[in-house]
Amino acid sequence: MSLEDDLFQQRLRRVHEIEALGFKPYGQRFDFSHTIPQILAAYTDKTAEQLADKPQVRIAARILTIRRMGKAGFMHLQQSGERLQVYVRKDAVSENEYKLYEMLDLGDIVGIDGYLFRTRTGELSVHAEKITFLSKILLNLPEKWHGLEDVEIRYRQRYLDLIANPESQKIFLTRAKIISSLRRQLESHGFIEVETPMMQPVYGGATARPFVTHHNTLDMDLYLRIAPELYLKRLIVGGMDRVYEINRNFRNEGISTQHNPEFTMLEFYQAYTDYHGMMDLSCELLRQAAVDATGSPIVEFQGETLDFSNIRRMTMREAVGDPSLRGHDLVHAFEQRIEPTLIQPTIIYEYPVEVSPLSKNNADDPSFVDRFEIYAAGMEIGNAYTELNDPNEQRRRFELQLKMKEAGDEEAHQMDEDYLRAMSYGMPPTGGEGIGIDRLTMILTNSKSIRDVILFPLLRLEGEIGIAAKLRSEESGVRSQESE
RNA sequence: GGGCGCGUAGCUCAACUGGCAGAGCAACUGACUCUUAAUCAGUAGGUUGUAGGUUCGAUUCCUACCGCGCUCACCA
């Protein structure tokens, strides 16, 4: 029998031992008085004397370490990636609770009633007076000071990563702060959050290959959206002058450290402004998001110092520095030579019309459009433009895209007649923008791979896991032992 | 999809040129009422990713496959 099976069976037996002591191995509601982060925030700077009145606390968390010394011992509990020590002495808890303490495993979840004090070495700790059992671990936790380093397991079993690596919790906490910062800022500018279809009969708003799915009752093929853009602009036509959406896009393309097939995009549209207005708003949004997420507009990313309080602006032609290049050649030169060098946050504006089917022409040179993208750390993190609101020009752009499609461009835009119809009712001059939340999170959490900022990145199927069989066989093993 | 690299105990890693698969942590037994990588004494734990091949002998060399990473292509 392998070690793991042995351990599994051993712990399953322990479930019965815990029951025999009068505890529930998979416990119930536990009304805690504080979270561990709350206790640390409130009492970290309190001296032993200031804790002399024995502040009473009731906490619930997972056991990360245990140090037993016969008739007393310590353990560290962890909650939301933060740790607090608990001191258990035989004469301070009931006899059964101490027996329970002696059979606890790393990874079990317990509730502790007790009071705060400082140990002889000065560590803030809970002096346990009551132990409640809340949940049993059956598997083995990763090793305690190296944590879990195997990236494949970190991505496949994110729950284990979150237990073993507190930094991982922090990344997703920061991600949440970024999103809530952007929401708060947009709300304060009068933007309304909306939700538009993820399943679309006609896909558009970006150049990408879509995922296809099928609705049975309607017997109709649908595309998972590659962008919400065309629906959001229908709302602008309808008089919702400031709208935004934070949601998933799906693109059926390559996977890399910067690409996941589903990714989160913020898109926002503001009537009666243009791309210069969007530039100013973007700079404000990004600076404040950096401050809200990290405490500063200046962040470290892979050895570089990025300053979001001072975003440079230059045209694509200026960035490339070759006035003879136009159209696709200009974009190609830019992507090849310039994009990877844009480490500091930079706005690149005025794009060729060929790569911008939904943007308004530049008034001085109609072969360019009033569009910009935001780059940082060599990645594109945002894309914005003055929206094309002339339905006949939009029709010509769609027809140009259809020709590109016929010529073999799999990512060229589809014709969207309802979008043209909406625009024919009159769309106000509008500025619109998309910001890639995953990439922004990478930069603000100093993460090298997009998989580090997506809780469950797409991976190939893993082999047989076998846990159901193990649970089943151990269960029958326990039963046969009991009947002996 | 192409190229390169990695896969050894639950975790983190060793194993020289092809020669008896090992350590720390975790686990188990025992001691210990302020430890914190607790300590001390002892015990157990392996289909070396999978399947073939070469060889007296393969963790090691070869082939294919599976998974992951990096990178190029593509893309945001």
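The chains referred to below are lettered A, B, ... by the order of the sequence lines, with proteins before strands, and numbering in each begins at 1. Note that the coordinates shown come from a computational prediction; the quantities given were computed from them, not determined experimentally. We use all heavy atoms of the structure for the numbers below, so side chains are in, but hydrogens, waters and symmetry mates are not.
- Heavy atoms of A:Asp91 sit under 4.0 angstrom from at least one base atom.
- Straight-line distance between the C1' atoms of B:rG22 and B:rU60: roughly 16 Å, to the nearest whole Å.
- Nucleotides B:rC20 and B:rC13 place their P atoms 25 Å apart, quoted to the nearest Å.
- Taking the P atoms as reference points, B:rC32 lies 48 Å from B:rG19, given to the whole Å.
- For the pairing with A:His76, the side-chain hydrogen bond (donor to acceptor under 3.5 Å, both in side chains) check across A:Glu123, A:Arg83, A:Lys144 returns one residue only, A:Glu123.
- Rounded to an integer number of Å, the gap from A:Gln258 CD to B:rG69 P is 15 Å.
- Using a 4.0 Å heavy-atom criterion, one finds that A:Asn260 contacts the bases of the nucleic acid, with or without backbone contacts as well.
- Atom-to-atom, CD1 of A:Ile255 to C1' of B:rC74 comes out at 12 Å; the value is rounded to the nearest Å.
- Rounded to a whole angstrom, the distance from the P atom of B:rC25 to that of B:rA41 is 11 Å.
- In this structure, the nucleotide among B:rC32, B:rA27, B:rA73 sitting nearest to the side chain of A:Gln336 is B:rA73.
- Residue A:Ser256 is classed as having no contact, given no heavy-atom separation below 4.0 Å to the nucleic acid.
- What you find for A:Val86 and A:Ala128 is that their closest heavy atoms are CG1-CB, 4.0 Å.
- Across all strands shown, A:Phe117 has heavy atoms under 4.0 Å from base atoms, whether or not it also approaches the sugar-phosphate.
- Look at A:Arg67 and you'll find a side-chain N or O under 4.0 angstrom from OP1 or OP2 of B:rA38.
- Mapping A:Glu152 and A:Ala206 onto RNA chain B via the closest heavy atom, the residue that lands nearer the 5' end is A:Glu152.
- Considering CZ of A:Arg14 and CG of A:Leu138, their distance stands at 11.0 Å, rounded to 0.5 Å.
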Worksheet item: If pairs are Watson-Crick or G-U with both distances under 3.5 Å, what is the dot-bracket string of RNA chain B, marking crossing pairs with [ ] and pairs to another strand with |?
Response: (((((((..((((.....[..)))).(((((.......))))).....(((((..]....))))))))))))....
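- A distance of about 25 Å separates the P atoms of B:rC74 and B:rC66, rounded to the whole Å.
- When all heavy atoms are compared, the tightest approach of A:Leu21 to A:Met103 is CD1-CE, 3.8 Å.
- Listed here is the closest heavy atom pair of A:Ile450 and A:Gln258: CD1-O, 3.6 Å.
- Per the stacking criterion (ring centres < 5.5 Å, plane angle < 30°), A:Phe263 stacks onto the base of B:rA76.
- When every heavy atom of A:Pro37 is checked against every heavy atom of A:Glu82, the shortest pair comes out as CB-OE2, 3.6 Å.
- No side-chain N or O of A:Gln85 forms a donor-acceptor pair with one of A:Tyr87 less than 3.5 Å apart.
- One atom, CG of A:Leu160, and another, P of B:rC11, lie 9 Å apart when rounded to the nearest Å.
- Only A:Arg439, A:Arg451, listed by number, bring a heavy atom of residues 433-455 of chain A to less than 4.0 angstrom from any atom of RNA chain B.
- Side-chain polar atoms of A:Ser447 and A:Arg175 form no donor-acceptor pair below 3.5 angstrom.
- Comparing B:rG10, B:rC34, B:rU33 by their nearest atom to the side chain of A:Arg89 picks out B:rU33.
- On the C1' atoms, B:rG3 is 25 Å away from B:rA76, given to the nearest whole Å.
- Among the protein residues, A:Arg156 comes within range of the sugar-phosphate backbone only, with heavy atoms under 4.0 Å from sugar or phosphate atoms but none that close to a base.
- Scanning atom types as modelled, no donor and acceptor separated by under 3.5 angstrom connect the side chain of A:Glu123 and the base of B:rU35.
- Annotation: cation-pi geometry not satisfied between A:Arg158 and A:Phe172 (NZ/CZ under 6.0 angstrom from ring centroid, within 45° of ring axis).
- Taking only side-chain atoms of A:His146, from C-beta outward, the nucleotide of B:rA27, B:rC34, B:rU12 with the closest atom is B:rU12.
- Across all strands, A:Glu462 comes closer than 4.0 Å to no nucleic acid atom at all (heavy-atom distances).
- Across residues 43-60 of chain A, not one residue has a non-hydrogen atom less than 4.0 Å from an atom of RNA chain B.
- A donor-acceptor pair under 3.5 Å links the side-chain atoms of A:Arg397 to the main chain of A:Ser359, judged by distance alone.
- As rounded to whole Å, 16 Å separates atom P of B:rA23 from atom CD of A:Glu143.
- In this structure, A:Glu411 reaches the sugar-phosphate backbone alone: every heavy-atom distance under 4.0 Å involves primed, P, OP1 or OP2 atoms, never a base.
- Note on A:Leu459: only backbone sugar-phosphate atoms sit closer than 4.0 angstrom, heavy atoms only; bases stay farther off.
- Ring-plane geometry between A:Tyr375 and A:Phe334 is classed as perpendicular, the angle between the planes exceeding 60 degrees on a 0 to 90 degree scale with a lower cut at 30.
- A straight line from CD of A:Gln157 to P of B:rC68 spans 14 Å, rounded to a whole angstrom.
- Electrostatic pairing of A:Glu350 and A:Arg317 counts as a salt bridge here, judged by a charged N lying under 4.0 Å from a carboxylate O.
- When each of B:rA27, B:rA76, B:rG69 is scored by its nearest atom to the side-chain atoms of A:Val151, the top-ranked nucleotide is B:rG69.
- Across all strands, A:Arg14 comes closer than 4.0 Å only to sugar-phosphate atoms, never to a base (heavy-atom distances).
- A:Ile381 places its CD1 atom 11 Å from the C1' atom of B:rA76, with the value rounded to the nearest Å.
- Residue contacts shown for A:Arg460 are limited to sugar-phosphate atoms, with no base heavy atom under 4.0 Å away.
- Phosphate contact (OP1/OP2 of B:rC28, side-chain N/O of A:Gln10, threshold under 4.0 Å): present.
- The residues A:Glu17 and A:Arg13 are annotated as not salt-bridged, no charged nitrogen and carboxylate oxygen being separated by less than 4.0 angstrom.
- B:rC25 atom P lies 19 Å from atom CG of A:Leu148, rounded to whole Å.
- Here the closest heavy-atom approach between residue A:Pro25 and residue A:Phe133 is recorded as O-CE2, 3.2 Å.
- Nucleotides B:rA26 and B:rA15 are separated by 24 Å at their P atoms, to the nearest Å.
- Nearest heavy-atom pair, A:Arg118 versus A:Asp45, reported as atom, atom and distance to 0.1 Å: NH2-N, 4.4 Å.
- Between B:rU35 and B:rA44, the two P atoms lie 32 Å apart (nearest whole Å).
- Toward the 5′ end of RNA chain B lies the nearest nucleotide of A:Lys144, the other residue of the pair A:Tyr155 and A:Lys144 mapping further downstream.
- Residue A:Ile153 is in sugar-phosphate contact alone, with no base atom involved, counting any heavy-atom pair closer than 4.0 Å across all strands shown.
- Here B:rU35 presents its C1' atom at 9 Å from OH of A:Tyr87, a figure rounded to the nearest Å.
- A:Thr207 comes within contact range of the sugar-phosphate backbone alone, with a heavy-atom separation under 4.0 Å but no base atom that close.
- Between A:Asp91 and A:Lys71 there is no salt bridge, since no side-chain nitrogen of the basic residue lies less than 4.0 Å from a carboxylate oxygen of the acidic one.
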